[in-house]
Structures are given as C-alpha cells and as structure tokens.
**Student:** 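For reference, the structure I am asking about is given below.
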Amino acid sequence: MAWMKIKDAFKAQAGVELTIKGWVRTKRDSKADGGLSFIAVNDGTCFDPIQVVARHDLSNYEEVAKIGTGCSVEVDGVLVESQGKGQSVEIQATAVRVIGWVQDPDTYPASNKRHSFEYLREIAHLRTRTNTFGSVARVRHALSQSIHRFMDEQDFYWVHTPIITGSDCEGAGEMFRVSTLDFCNIPKTDDGQVDFSQDFFGKESHLTVSGQLNVETYASSLSRVYTFGPTFRAENSNTTRHLAEFWMIEPEIAFADLHDNIELASGMLRTCASDLLERRMDDLEFFDLRIEKGLIDRLKMIAEAPVKTITYTEAIKILEGCNEKFEYDVKWGSDMQSEHERYLTEKHFKQPVAVINYPKDIKAFYMRLNDEGTDGAPGQTVAAVDILVPGVGEMVGGSQREERLDVLDSRITEMGLDIEDYWWYRDLRKYGTVPHAGYGLGFERLVQFCTGMQNIRDVIPFPRAPRQAEF
RNA sequence: UCCUCCGUAGCUCAAUUGGUAGAGCGAGCGGCUGUUAACCGCUAGGUCACUGGUUCGAGUCCAGUCGGAGGAGCCA
C-alpha cells in the first residue's frame, strides 16, 4: 500500500487503500461492535490529525489497546467517510503497527492535557508535538519561503554574510566573543592585555549582530541583495520580544531612497500575509480561535492595504495632542517609548505604521542626513524608518544610507567612533558611491505578528536568551 | 540591568490568626459508550525551590541565594 502524507489522505478519494505514519495524539476506546479504538494520528503535514478506527478483529488488538499519546505508528487501511461527527473521513485500519512505544506513560512530559507555554519551553524537544508548536513551525516555514520567493521575484540576490565577524564596529549591540583561547591560560602581551594575535583568527572576533555592513558591499555591485540568517546580541534583555539569537532579513537596495525602502517592506508584509492566508489557513484558524481573536481579519487587512507612513515630527504631534496618559513625556528629540509606539499603531492608526525622519542624535552614524528643515522639523533629522505593528511594536528598522563620504566621516567622528575601523565601508563611498537604502526585519517578530503568539521564545524552535541555552 | 509578582504531586493550582498536605487534569486498573476537551469508580504519586534565622511548632513570618513570568530599558 502506498504511504500517504496525512494532508494528502484528507483529500484522497473514499475507498482508496493507503498507509499512514505518524504519532498518536489521542486514543479513545469503545466496547461497541465487540470493541474498537479511535486513534488520532498526526504526521505534521497539516494541522488536523486523521482518525484511525481499529477494530477488535485486528490480530494484535490487545497491543493496539495499549497504544497511548505519543506512540509512533504505521497504519494500513481504507479511507472511508466517517460515521462520527468530528471529521469528514477516517481510516478503517487493516493493520496497526506500533513503531515506538511511550515507555512509562506516567512520565511522558507532553501528556494529553493543557500545558502552559512556560512549562513547554522546558521540554522544547517535545513541545513540537502540540497543536500550537506544530502550527508555529509550519507558519514559520511558510513565512521564510514567502520572503525568499518575494525577494527573488523582485530580482534580489540572497547573500550569505558571515556569522563570525572580525569587525567590532557593527554597532548594533553587545557581542558574543568567539575564541579558541584556553580560559585557564590566557596569553598576555607585554603590557598585560589579552594577546589575541594567538587566537584562532589572529585578532578579536565575535558573532555578528547584523549583516548590514557586509551586504552593503554586495549592493554596491549587484544592486539588489538581502541577507536572511541568524544574528546574535549579548544584551541582558528579558522581554517577550528579544532573543540572544534571532533571525533577521536585511535587504539593501542600490539607487534607492527611503520611500523605495518602505515600499519594499510593505510589499514583503503584504506577500507574507496573503501567502499565509492561501497556504496555511488550517493553522491560522487555530491561532484565531485559541491564541488571538481577530488574527485572520488582521492578516486580510495587511494583505490588501499598504503600510501607512508618517514622519517622526507628525508622530510627536499626534502623541502630544491625544488624551492618552503616558508614563513618560513626549518630547521632540527623544526616542519614542514603547507605550508611545503602541499607542500609534494599536490605538491611533490600528494598523502597521512606518515612522520616518528621526532626529539624528538618536540614530546610527550610517543613516543619511536630511537637509535642514525637512518636514518642518525643529531639529536636524536622518532618513530613518521604523515600522511599528500592533501587538509587537517595532518590527522593521531601516534607513537610507549616507552615501556622501565627507558627511559620513563627520558623522563617524561626531559619534566618537574610530574612522580607521570603517576603512572598507568608506571605500564603498570612495569608489563609485551610490544612493542606497535598506532595513532589518526581525523574523521572529514577524512570526509573532502572524500567529498572535505573545512570547518571542515560543516562535523559534530553541530559544536562546539570558540563562537559556538548553537543547 | 531595574521594578512588580510567583516557586507546594508529572501538569494547573488550593491550604483560614503560624498547628503538621488537598483538588482537578494527566497516568495505571476496572466499568460504560461510533468515540472525539467523553463520563463513572478505584489506585499510585510530595525533601512544600535552596540555605540560614525567628518560634514549643514554619508551606505560611524574616534574610539571602537560585529559577520563572510580566513590565521597563536596549533593539529586530
């Protein structure tokens, strides 16, 4: 008999003979008709388990009766219309083979009951067997496929930027050190410093915090490029939206300005939403029912409407003019607090909002300096953009890059950075410079937004966070 | 890192003014049933996070440590 994935079995013709393989979600027994068992089997290919009906006349029915949640099984049978109410079709089993028993069911951690997400995080190797984490895994996969497909259709090349970096000037946060030196016997130079010349790379090295500087080099010849890979931040962040290891999409577009940047991000979000609605409705229905009501309507809205754009200066005016009581005061020139961002996207606009042109003093050195008086702002701004989304906050951070060497140099100096560290980055401005723009999109935050999952640690298979590196 | 809350059975939680440990779910066994968050009965299961202190007596009060959650900052 042909082995069929369960998602295909649901669509097959009644009467077909088939074999399915998977893990038991639940089993219920009945004494009717001399005894029969209903076994719900899931193989991860779709949300729903399929119901297997095993009758007492199976040669190994005594064994079948002992099957419990978590067992792996192989079932031969015939697909038939279900006599019961919970499902359209089911499999009348002609053979049920147990491949792997659950040893000592009393200790099986992922037993058939409701568990808290906090507890499931402690058994991350088994939580994938639950409805929620199966759905998260499928949605996460679908989103990453959508992004690659969208970027390919927009003529972007995927560039694999390094994970280990010898550059200490990426400037996006605390870095994890990479070293093969013996901690118990660290070589020192004459003046008592650690002698990194004896380390693996002959210099200090770290895990990357961003592929942006590297990918800008490829944009300066291939025009449209992006990275999609893991990044690392050694910040002691204990929140529902930060990880020490997370995945980021970083497009970089040559001959482009801030608005081209926003248009790309907006198109990416639209594509992700509409692809999910088309491909993963089974999982979305679960999230809408059990995790966040209204999720599907929100994704439908995202799939149709472009992102709303406002300037930082306008955002400040909205916040100053509203009746909301904020813990922190709103003031032009200081960064918006989380509560301010949430108000804008969740209460005022009720949709994703791109906020552009921030005061230069609160943004990075490489962001392009705007002309004095842009947007009627009271101070000088840079061409930066943050895209804020309901429930998550900041999902995208980007900018048009400073392509003018003299302006870049004075910004590096102004911020107290060492110009020598940026020699190759500056070369891009010396040799055929070009206006360009890019952004970083936090992939896990996108998954959160598309599933309604509240804690970012529950949308990545094995979360890395302070004091969390088990598995 | 800061603020708040929490840590009791495999899981989710109770335990009165400090008086010596309890339920539901899960698991095992039995009953019933084309079942599907099933239902009924029985059984097993505890170093009350750890260390120290107060007390005749601490799950309960105090101090410290460790761990978790939510919020803040940093950011994606």
Side-chain angles (χ1 to χ4, degrees), chain A residues 25-40 48-55 65-66 68-70 80-87 90 92 102 104-123 126 131 171-174 209-212 227 230-250 265 290 327-328 335-339 341-342 362-364 386-389 392-398 439-449 454-460 465-468 470:
Chain A
R25 284 292 177 81
T26 62
K27 180 171 73 68
R28 295 171 293 274
D29 299 320
S30 171
K31 284 284 155 44
D33 300 340
L36 69 167
S37 295
F38 302 94
I39 310 169
D48 286 317
I50 198 161
Q51 175 161 285
V52 170
V53 183
R55 296 188 176 277
K66 294 198 174 90
T69 303
V80 298
E81 283 183 26
S82 179
Q83 298 171 34
K85 284 186 178 162
Q87 56 285 317
E90 64 192 19
Q92 288 286 354
V102 168
D104 194 2
D106 192 33
T107 65
Y108 182 54
S111 58
N112 186 29
K113 79 179 289 289
R114 288 205 174 188
H115 298 288
S116 65
F117 290 142
E118 292 82 18
Y119 169 70
L120 290 171
R121 249 169 252 153
E122 296 170 6
I123 52 163
L126 296 172
N131 282 334
E174 288 296 311
V209 294
S210 163
Q212 182 200 317
T227 71
T231 48
F232 308 85
R233 308 264 168 102
E235 306 284 353
N236 191 8
S237 297
N238 294 287
T239 77
T240 54
R241 57 194 186 283
H242 290 87
L243 290 164
E245 177 181 295
F246 64 100
W247 287 60
M248 189 152 61
I249 295 102
E250 295 176 284
R290 291 293 160 85
E327 192 180 337
Y328 293 91
D335 217 350
M336 279 188 275
Q337 304 288 322
S338 284
E339 56 177 343
E341 296 181 340
R342 294 183 87 101
I362 57 171
K363 288 292 179 182
D386 281 357
I387 297 180
L388 314 174
V389 301
V392 175
E394 185 179 343
M395 183 154 77
V396 170
Y439 62 84
L441 185 155
F443 185 57
E444 282 74 21
R445 290 184 181 177
L446 175 67
V447 181
Q448 278 187 283
F449 180 67
Q454 294 208 331
N455 195 313
I456 199 166
R457 296 171 193 200
D458 297 328
V459 297
I460 189 167
R467 297 176 303 280
Q468 276 191 19
E470 191 65 49

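Proteins get letters first, then strands, A, B, ... in listed order; numbering begins at 1 in each. Worth saying up front: this structure is predicted, and the values here are computed from it rather than measured.
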**Student:** Can you tell me which stems RNA chain B forms when a stem means 3 or more consecutive Watson-Crick or G-U pairs under 3.5 Å?
**Tutor:** B:1-7 with B:66-72, B:10-13 with B:22-25, B:27-31 with B:39-43, B:49-53 with B:61-65

**Student:** Please check if the number of heavy atoms outside A:Glu245 that lie under 6.0 Å from its CD is greater than 12.
**Tutor:** yes

**Student:** Counting primed atoms plus P, OP1 and OP2 as sugar-phosphate and everything else as base, spell out the protein contacts along nucleotides 31-38 of chain B at 4.0 Å heavy-atom distance: B, S or - for each nucleotide, 5' to 3'.
**Tutor:** --BBBB--

**Student:** Going by the rule ring pair (Phe, Tyr, Trp, His ring centres under 6.0 Å), which residues pair with A:Phe443 if we only count those two or more places apart in sequence or in a different chain?
**Tutor:** A:Phe228

**Student:** Show the distances under 3.5 angstrom between N or O atoms of the protein and N or O atoms of nucleotides 41-47 of chain B.
**Tutor:**
none

**Student:** What residues form a side-chain hydrogen bond (donor to acceptor under 3.5 Å, both in side chains) with A:Asn236, not counting sequence neighbours?
**Tutor:** A:Asn238

**Student:** Go along nucleotides 69-76 of chain B 5' to 3' and tag each nucleotide: B for a protein heavy atom under 4.0 Å from its base, S when only backbone or sugar atoms are that close, - otherwise.
**Tutor:** SSBBBBBB

**Student:** Check every strand shown and say whether A:Pro109 touches a base, only sugar-phosphate, or nothing at a heavy-atom separation below 4.0 Å.
**Tutor:** nothing

**Student:** With sequence neighbours left out, write down each residue that passes side-chain contact (heavy atoms from CB on, under 4.5 Å) with A:Thr107, or none if nothing qualifies.
**Tutor:** A:Asp104

**Student:** Which residues pass the side-chain contact (heavy atoms from CB on, under 4.5 Å) test with A:His115, sequence neighbours left out?
**Tutor:** A:Ser111, A:Lys113, A:Tyr119, A:Leu120

**Student:** Who pairs with A:Ser30 by side-chain hydrogen bond (donor to acceptor under 3.5 Å, both in side chains), at least two apart in sequence or on another chain?
**Tutor:** none

**Student:** Who pairs with A:Gln468 by side-chain contact (heavy atoms from CB on, under 4.5 Å), at least two apart in sequence or on another chain?
**Tutor:** A:Arg457, A:Pro463, A:Ala465

**Student:** In whole Å, what is the span from the OH atom of A:Tyr108 to the P atom of B:rA27?
**Tutor:** 11 Å

**Student:** For A:Glu470, which residues count as a side-chain contact (heavy atoms from CB on, under 4.5 Å) partner, sequence neighbours excluded?
**Tutor:** none

**Student:** A:Glu90: which residues meet the salt bridge (Lys or Arg N to Asp or Glu O under 4.0 Å) condition with it, sequence neighbours left out?
**Tutor:** none

